[in-house]
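If you read the sequence from its start, that first residue is 1, and numbering goes on from there. Everything numeric here is computed off the predicted structure, so don't read it as measured data. Just follow the structure's listing: the first ligand is 1, and inside any ligand the first atom is 1.
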Amino acid sequence: MTDKKVRVRFAPSPTGALHIGGVRTALYNYLFAKRHGGEILLRIEDTDSNRFVPGAEDYIIESFKWLGIKFDEGVGIGGPHAPYRQSERREIYKKYVNQLLESGHAYIAFDTPEELEAMRQATPNFQYDAHTRTQGKNSLTLSKEEVEQRIAAGEKYVVRAKIEPNEDIEVNDLVRGKVVINSNILDDKVLYKAADELPTYHLANIVDDHLMEITHVIRGEEWLPSAPLHVLLYRYFGWADTMPQFAHLPLLLKPEGNGKLSKRDGDRLGFPVFPLRWVDPKTGDVSTGYREEGYLPEALVNFLALLGWNPGLDRDIFTFQELIDLFSFEHVSKAGARFAYEKAKWYNHEYLINKTDEEVTELFMPILAEHNVQCDTEKAKYIVSLVKGRLNFAKDLWNETSFFFERPTAYDEKSIKKRWKPESPEILNGLCDILDRISDFSSANTEAIVMKWIEDNGYNTGTVMNSFRITVVGAAKGPHMFDITAILGKEETISRVKAALEVIK
Ligand code: GLU
C-alpha cells in the first residue's frame, strides 16, 4: 500500500431500506479504514430521481448510528468535500462532462426511446457501441451545426462514453486479483442526462471518488461489471495515477439453495433483511428489522463481519476493536457467503449471556413495566442472574420469568402428560404441610428440608419435583426450583400448589 492516507466511502443510493448486504459493505469499509488509521465517508448517490425514496437517507443514517459505525465525513456530518449528496453537486459534474466531450472520450446522443427500441429489434443482442453508434443520431454521425441546433431547440440528449473497441482492460481487485475484460463487451454507457441535468451513477461515482480522494473502492460484487468502464473513465480524465484500488465483496447467498439473498427469503424463513424496521412509503408495507427483533448491534456486527471474511483464527466471537485489528482482504473469500441466519441468533445469545447482570437488568426493566409489573431493581437483577443463560433475545426475558410475577392460569398439557403421576396430588398435599412448617424459606434451607422429607418417605425425587414445578411455574421449565420458591415466598408457593391441585385432576 502507498503511504497515502486510506480514505473509503460508503455510497448508497436512497432507493429504499438499506439491505443487510449493504450494511456488510459499509462495515468492511469501516473495518478497513480504521485498521489503517484512515477515514470513511458517507455519500448519498441520489442521481436517479426515478428511484428516489423519501426517508431512505434518514434510515441509512439511523442504521449506522445504531450499529456503532461512525463516519468521519459525509451527509449529516459535513466535511471538506461537501456537499455529499450528489443531487447537490450538479454544477461540479457539468464541468467534467464537458471535459470528456472536449477530449473526444464522450459524445452527445439524441436517440429517442422509440429509436433505441427499433435498433434493439433490428439487431440481436443490440448494444450501443462502436459497431452500432454509426446508425444512431449522435454527435459522431450528425453535423456540428445540427447538433447545436437540436440542443438550442431544447431537444433532450444524453452524453455517452465513447468506448474504443477491442481493448483489454485490466481491473486489479484486492479480492479477485487481476480481472481482464475486453472492451468489446462494453456498451457506450450513458454518463449524463440533459433532461434532469444530472450525471448517471458511473460519471458521478468516478468524479466524486477522485475529488474526495478515495483510495479504496470497497463494494458489492454486483458492481464488478462496471469496474472496466470506471477504469477507462479514470484514464479519460487523466487520473489513472490516483485511481483507487478496487475490492469487490462476495455476494450474500440464500440460507439454502442457489442465488443471492432476497427479502423473500427473510419473509419465508422468518428473519429480517434490514437493520431497522422499514415502512415502505408507497405501499405502506412494514418490514421488521434486526433492532426491532431484539438483536444487539454488537452481535449483528460480529455476525456480518464473518460473512465472507474470516480472520483465520479458531473462534467466532470478536469485539469491534478485534475485528478492526484483524481485518484484511487476504481472507475475504471470492465465493459467495451463505446467509446462515441461525448463526445470527447464536451470536445474539452469546453476546447477551456475556453481558453483566446489571446490563441485562437494564433491558429487563422496560419489559417488566410493559407488563405492569412492579419490581425493584435488586430483585429483577437476581431473577436475571437465574435465567440469563437461557436467553437468545432480551424479549425472551418475559417468557422465562413471567411466573415470578404472575400465577399460572393454565398448566402445560405436555408437561402434565409426561410428568404428572397418579400419586402427585397426595404427595403435593403432604409437601404443602412440610413447606408450611419451614420458617427460613431460603433456597438452600427449603431444599435441604424437602429433600430429607422425600428421602424419609421413599418418594421418587423426579416425581415430586416435576409435579411441584408444574403447579408453581405452570410447565416443566424454569431455573432451580428452590430459587423460585425463595423468591415467591412460602404463602404464594403453597397457594399456587393448592390452586393447581383444584385444576389438574
Ligand atoms: N450507489 C451505488 C450503490 O447503491 C454505489 C456503488 C459503489 O459503491 O460504487 O450501491
Side-chain angles (χ1 to χ4, degrees), residues 6-33 38-53 55-57 59-61 63-64 69 71 73-75 81 83-89 93 161 171-176 179 189-193 198-234 237 239 243-252 260-263 273-275 278 304 308 329 332:
V6 166
R7 284 177 53 87
V8 299
R9 85 298 194 268
F10 182 60
S13 299
T15 55
L18 180 62
H19 193 271
I20 201 72
V23 177
R24 188 202 52 175
T25 298
L27 175 62
Y28 281 23
N29 271 283
Y30 180 81
L31 295 177
F32 182 75
E39 289 158 351
I40 176 170
L41 64 87
L42 176 65
R43 184 171 75 218
I44 296 290
E45 302 206 324
D46 56 350
T47 56
D48 188 348
S49 38
N50 293 325
R51 297 186 60 214
F52 179 82
V53 173
E57 180 186 303
Y59 179 94
I60 289 166
I61 291 172
S63 297
F64 291 122
I69 292 176
F71 290 89
E73 55 183 87
V75 169
H81 300 283
Y84 292 91
R85 228 176 257 118
Q86 289 186 328
S87 60
E88 294 167 16
R89 299 171 63 78
Y93 305 125
V171 178
N172 286 303
D173 190 282
L174 291 169
V175 176
R176 265 139 232 287
V179 181
K189 275 268 177 314
V190 172
L191 301 177
Y192 180 82
K193 291 181 186 160
L198 274 171
T200 60
Y201 154 73
H202 299 289
L203 186 100
N205 194 264
I206 298 309
V207 167
D208 284 348
D209 283 348
H210 174 72
L211 295 179
M212 296 178 184
E213 300 170 82
I214 297 303
T215 59
H216 295 78
V217 165
I218 304 164
R219 61 186 173 191
E221 187 179 278
E222 65 273 26
W223 300 101
L224 184 60
S226 301
L229 170 64
H230 295 176
V231 170
L232 287 178
L233 287 174
Y234 278 104
F237 279 122
W239 300 333
M243 184 170 77
Q245 293 245 27
F246 290 105
H248 289 93
L249 306 177
L251 276 182
L252 293 187
K260 66 176 215 247
L261 175 70
S262 73
K263 168 140 167 37
V273 296
F274 300 138
W278 169 254
L304 289 177
F329 285 110
V332 172

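Judged by distance alone, the side chain of S13 and the main-chain N or O of D46 form no donor-acceptor pair under 3.5 Å. A donor-acceptor pair under 3.5 Å links the side-chain atoms of R89 to the main chain of P83, judged by distance alone. Using a distance-only test at 3.5 Å, with no hydrogens or angles considered, a donor-acceptor pair links the side chain of H81 to the main chain of L211.
When non-hydrogen atoms are compared, ligand 1 lies under 4.0 Å from neither the backbone nor the side chain of F10. Contact annotation for T25 and ligand 1: no heavy atom of the residue comes within less than 4.0 Å of the ligand.
Taking the six-membered ring for Trp and the full ring otherwise, Y28 and H216 have centroids separated by 6.0 Å or more. Annotation: F64 is in aromatic contact with F71 [ring centroid separation under 6.0 Å].
Taking a cut-off of under 4.0 Å to the non-hydrogen atoms of E45, the atoms of ligand 1 that pass are 1 (N), 2 (C), 5 (C). Every atom of ligand 1 is numbered from 1 in the order shown, and the set under 4.0 Å from a heavy atom of Y201 is 2 (C), 5 (C), 6 (C), 7 (C), 9 (O).
Partner of H230 under the ring-ring contact (aromatic ring centres under 6.0 Å, His included) criterion, out of W239, F237, Y201: Y201 alone.
Here the protein heavy atom with the shortest distance to atom 5 (C) of ligand 1 is A11 O, 3.1 Å. For atom 3 (C) of ligand 1, the closest heavy atom belonging to the protein is W223 CZ2, 3.4 Å. The nearest heavy-atom contact from the protein to atom 8 (O) of ligand 1 is R9 NH1, 2.8 Å.
Between I218 and ligand 1, not a single N/O pair is under 3.5 Å apart.
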